[in-house]
Enquirer: 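Take a look at the following structure, please.
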2 protein chains.
Amino acid sequence: MKDTKIAVQEIRAFNRFYTDIIGLLDAHLLNSAYSLSEVRTMYEIYTGKSVQASQIMTAMHIDKSYLSRILKKLTQEGLISKTPSEEDARASLISLTEEGLKVFKTLNKASDEQIDGLISSLSPRKLEQLVNHMQAIQEILQHK
Amino acid sequence: MKDTKIAVQEIRAFNRFYTDIIGLLDAHLLNSAYSLSEVRTMYEIYTGKSVQASQIMTAMHIDKSYLSRILKKLTQEGLISKTPSEEDARASLISLTEEGLKVFKTLNKASDEQIDGLISSLSPRKLEQLVNHMQAIQEILQHK
DNA sequence: ACTAAATAGTGGACTTTGTCCACTAAGTAT
DNA sequence: ATACTTAGTGGACAAAGTCCACTATTTAGT
C-alpha cells in the first residue's frame, strides 16, 4: 500500500521529466512549416502506406472534423492524395504523394538528428541501457 | 554508427508510446475546470511555496504574457494571491490561497489515482521494475 | 425489402490556447 | 545621468481544437 504510494510519486516525477523532454523535441517541429498534428498525420499515413481517415482518427485520438481540416490542408499543399475506397463509398484511402514523402522524410530525418544530439554524449554502453529501459517500460505497461 | 541509428528508432518508438500515455493522463485533467497550464502553474506555485512569475516562466518554458493571463485568472478565482516582493518592486511573490491549495490537492489526488489505475494490475515486482527503469532513464539523460 | 441506427467525412461557428509586440516601471551597469 | 536589462501587463492576433449539424453510405433488425 505504502510502496504503491511512493511508486505513484516516482512515476509522476518521471512523467514530468519526460513531458519536458518531449516538449523540447516537439519545439523543434513547431519551427517547421507544419504543425505537430500535421506531421503526426503524415507519419500515420506514411507508416500505414494507405489509410482511411477514420484509422488516423483512432490512432491519433483526434476529432474527426479537425482531422478533416488537416487532411484538406495537406491535400491543398499537394502532400497527400485521396482515392475513393472500393469497399466503402463514403471513405477514401489516403496516401503521401511523392512530394509529401519527400517532405516527410526531411522532417523525419531532422527528428532523428535531434535524438542523435540527445544521446551523442552517451557511451555505447549507456545508450544500450537507455534503450533497454525504454523497451522494458513499454513491455510492462503494454501488458496490463 | 549503425547501432546508434537503431537506437534512435527505438527511442523514437518509446517517445511515441509515452506521448500517448501522457496524452491519456492529461485528457483527464482537461475534463477538470482548469486547463493543463493552469494546473501546471498551480503545481509550480505549490512546490515552490512562494515564487515569482519569472520563476514559473522558466520552469514551464511559457510565454510571459500568457503566464500573466493565467495568473490573473487564478487570482480572480481566488486560488492564488500575490504579495509585493521586498527585494524587487517590479515583482510579486505568488502563493496558493487556502482555497487554491484545496483545489490543487483535489486535482493532485485525482492524478495520483489515475496513475494508481495504470499500475493496479502490476505485481509488486513489476511495479518496482517499472520505477527502476524510469529512474534509470532520468539518470542517464540528466547527466549529459 | 424497409426502416432504424451506426459510420465516414465535411464544414460552420465557436472556444481555448498560445504568440508577438509594444509598453510601464523598476533594477543594473558604466 | 544614461543606457541596458528585467518583471510584468495588456492589445491584437494566429493557431489549435471542440461541438454541432448535415450528407451520404453502410449495417442491423424485423
Side-chain angles (χ1 to χ4, degrees), chain A residues 19-20 22-24 26-45 48 50-77 80-95, chain B residues 19-20 22-24 26-45 48 50-77 80-95:
Chain A
T19 297
D20 271 9
I22 289 169
L24 210 77
D26 285 352
H28 190 253
L29 278 179
L30 288 173
N31 289 343
S32 81
Y34 306 94
S35 78
L36 232 58
S37 300
E38 282 162 3
V39 177
R40 181 81 200 271
T41 300
M42 286 191 249
Y43 168 81
E44 293 297 336
I45 298 169
S50 171
V51 290
Q52 255 179 241
S54 59
Q55 293 176 272
I56 302 175
M57 238 183 72
T58 47
M60 290 177 66
H61 311 108
I62 203 184
D63 181 76
K64 61 181 176 171
S65 73
Y66 186 32
L67 177 60
S68 174
R69 274 175 254 262
I70 289 173
L71 293 174
K72 192 180 174 188
K73 195 190 161 210
L74 293 177
T75 305
Q76 281 166 353
E77 287 172 355
I80 63 173
S81 66
K82 297 183 186 180
T83 56
S85 163
E86 308 211 333
E87 290 144 31
D88 190 336
R90 295 166 303 178
S92 15
L93 291 171
I94 303 159
S95 53
Chain B
T19 296
D20 272 10
I22 289 171
L24 209 78
D26 284 351
H28 190 252
L29 277 179
L30 289 173
N31 289 342
S32 80
Y34 307 94
S35 77
L36 232 58
S37 299
E38 282 163 0
V39 177
R40 180 80 199 272
T41 300
M42 284 191 252
Y43 168 81
E44 293 297 336
I45 297 168
S50 169
V51 292
Q52 257 181 239
S54 58
Q55 293 176 270
I56 302 175
M57 237 183 71
T58 48
M60 289 177 66
H61 311 110
I62 201 185
D63 181 76
K64 61 182 176 170
S65 74
Y66 185 33
L67 178 60
S68 175
R69 274 174 255 262
I70 290 173
L71 293 175
K72 192 178 173 188
K73 193 189 162 212
L74 293 177
T75 305
Q76 281 166 354
E77 287 172 355
I80 63 172
S81 65
K82 297 183 187 178
T83 56
S85 163
E86 307 209 335
E87 289 144 30
D88 189 336
R90 295 166 303 178
S92 14
L93 291 171
I94 303 158
S95 52

Enquirer: Rounding to 10 degrees, work out the angle separating the end axes of the helix from C:dA1-D:dT30 to C:dT30-D:dA1 (five pairs an end).
Expert: 40°
Enquirer: How long is the span from the OG atom in B:S95 to the CD1 atom in B:I45, to the nearest 0.5 Å?
Expert: 8.0 Å
Enquirer: Heavy-atom distance under 4.5 Å between the side chains of B:Q55 and B:E44, does that happen here?
Expert: no
Enquirer: From C-beta outward on B:K64, which listed nucleotide comes closest to its side chain: D:dG8, D:dT26, D:dA7?
Expert: D:dG8
Enquirer: Closer than 3.5 angstrom, by distance alone: can the side chain of B:T58 be matched with the main-chain N or O of B:S54 as a donor-acceptor pair?
Expert: yes
Enquirer: Report the residues that fulfil side-chain hydrogen bond (donor to acceptor under 3.5 Å, both in side chains) with A:K73, sequence neighbours left out, ordered by chain and then residue number.
Expert: A:E38
Enquirer: At what distance, to the nearest 0.5 angstrom, does CD1 of B:I70 lie from CD1 of B:I80?
Expert: 10.0 Å
Enquirer: With A:S65, which residues qualify under side-chain hydrogen bond (donor to acceptor under 3.5 Å, both in side chains), at least two apart?
Expert: A:D63
Enquirer: Tell me if a side-chain donor or acceptor on A:S68 pairs with a main-chain N or O of A:K64 at a distance below 3.5 Å.
Expert: no
Enquirer: Please tell me which of A:A89 and B:M57 maps to the more 5' nucleotide of DNA chain D, matching each residue to the nucleotide holding its nearest heavy atom.
Expert: B:M57
Enquirer: Using heavy-atom distances to pick each residue's nearest nucleotide on DNA chain C, tell me which of B:L67 and A:K82 is more 5'.
Expert: A:K82
Enquirer: Using a heavy-atom cut-off of under 4.0 Å over every strand shown, decide if A:S85 touches base, sugar-phosphate, or nothing.
Expert: nothing
Enquirer: Could you list where the contact with chain B starts and ends along DNA chain C, reading 5' to 3', using a 4.0 Å heavy-atom cut-off?
Expert: C:dT17 to C:dG27
Enquirer: Using atom names, set out every protein N or O paired with an N or O of nucleotides 4-6 of chain D below 3.5 Å, distance rounded to 0.1 Å.
Expert:
from: D:dT6; atom 1: O2; to: B:R90; atom 2: NH1; distance (Å): 2.1

Enquirer: A side-chain contact here means heavy atoms from C-beta on lying under 4.5 Å apart; do B:T75 and B:K82 qualify?
Expert: yes
Enquirer: Using a cutoff of under 3.5 Å, can you pull out all pairs of nitrogen or oxygen atoms linking the protein to nucleotides 15-19 of chain D, with atom names and distances?
Expert:
from: D:dG17; atom 1: OP2; to: A:S37; atom 2: OG; distance (Å): 2.9
from: D:dG17; atom 1: OP2; to: A:Y66; atom 2: OH; distance (Å): 2.3
from: D:dT18; atom 1: O4; to: A:R69; atom 2: NH2; distance (Å): 3.4
from: D:dC19; atom 1: N4; to: A:S65; atom 2: OG; distance (Å): 2.4

Enquirer: Mind checking the CG-OG1 spacing from B:D26 to B:T19? Nearest 0.5 Å is all I need.
Expert: 10.5 Å
Enquirer: Distance check, rounded to the nearest 0.5 Å: A:L71 atom CG versus A:S81 atom OG?
Expert: 11.5 Å
Enquirer: Would you say that B:L36 contacts B:L30 through its side chain, given a criterion of any heavy-atom pair below 4.5 Å between the two side chains?
Expert: yes
Enquirer: Look up atom OG1 in A:T41 and atom CG in A:L74, then write down how far apart they are to the nearest 0.5 Å.
Expert: 6.5 Å
Enquirer: Distance from A:D88 atom CG to A:Q52 atom CD, nearest 0.5 Å?
Expert: 6.0 Å
